[in-house]
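Just so it is clear, the structure is predicted and the values come from calculations on it, not from any experiment.
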Amino acid sequence: MLLGGEPLKPQDIAKYWQLNPNTVFVNHYGPTETTIGVITHRVTPENLPEYNHSVIIGKPIDNTE
């Protein structure tokens, strides 16, 4: 499930995983004026708690700055 545009709520992701544990979540970030995801970060049960402290937006794709 590709997420973007709104803050990710870790408690909602955790609740969803209880019912659908095989779902893959990817958080993306891009320019406000477009719907293009520039950088992404896969959300996992191990890194989900980090979203309580700060936004994790990943890193640029190859050959970009």
Side-chain angles (χ1 to χ4, degrees):
M1 190 174 297
L2 184 61
L3 306 172
E6 296 294 329
L8 185 142
K9 296 180 181 177
Q11 65 274 18
D12 291 343
I13 300 296
K15 185 184 291 186
Y16 193 93
W17 271 332
Q18 289 176 353
L19 301 173
N20 303 286
N22 295 322
T23 302
V24 174
F25 288 95
V26 177
N27 194 28
H28 86 96
Y29 177 83
T32 304
E33 302 80 19
T34 68
T35 56
I36 299 169
V38 177
I39 55 178
T40 64
H41 188 262
R42 184 172 177 169
V43 181
T44 65
E46 294 78 26
N47 69 27
L48 184 61
E50 296 176 38
Y51 281 90
N52 286 314
H53 305 290
S54 64
V55 177
I56 303 171
I57 55 175
K59 60 182 184 175
I61 60 173
D62 291 341
N63 299 318
T64 63
E65 294 181 14

Checklist entry - Given side chains that start at C-beta, do those of Tyr51 and Asn27 come closer than 4.5 Å, heavy atoms only? => result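 Yes, close enough: below the 4.5 Å cut-off.
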
Checklist entry - Is there a side-chain contact between Leu8 and Leu48 (heavy atoms, below 4.5 Å)? => result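 Yes, at least one pair of side-chain atoms sits under 4.5 Å.
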
Next on the checklist: Show the nearest heavy-atom pair for residues Arg42 and Asn47, with the distance to one decimal.
Outcome noted: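 Scanning both residues, the minimum pair turns out to be O-ND2, 3.1 Å.
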
Item to check | Distance-minimising heavy-atom pair for Phe25 and Leu3 | outcome: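 Closest approach of Phe25 to Leu3: CD2-CD1, 3.6 Å.
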
Item to check | Set of side chain to side chain contact (heavy atoms under 4.5 Å, CB included) partners for Asp12, sequence neighbours left out | outcome: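 For Asp12, the residues satisfying side chain to side chain contact (heavy atoms under 4.5 Å, CB included) (neighbours in sequence not counted) are Lys9.
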
Next on the checklist: Test of understanding: with side chain to side chain contact (heavy atoms under 4.5 Å, CB included), list the residues that count as partners of Leu2, not counting sequence neighbours.
Outcome noted: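 Once residues adjacent in sequence are excluded, the partners of Leu2 under the side chain to side chain contact (heavy atoms under 4.5 Å, CB included) criterion are Val26, His28.
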
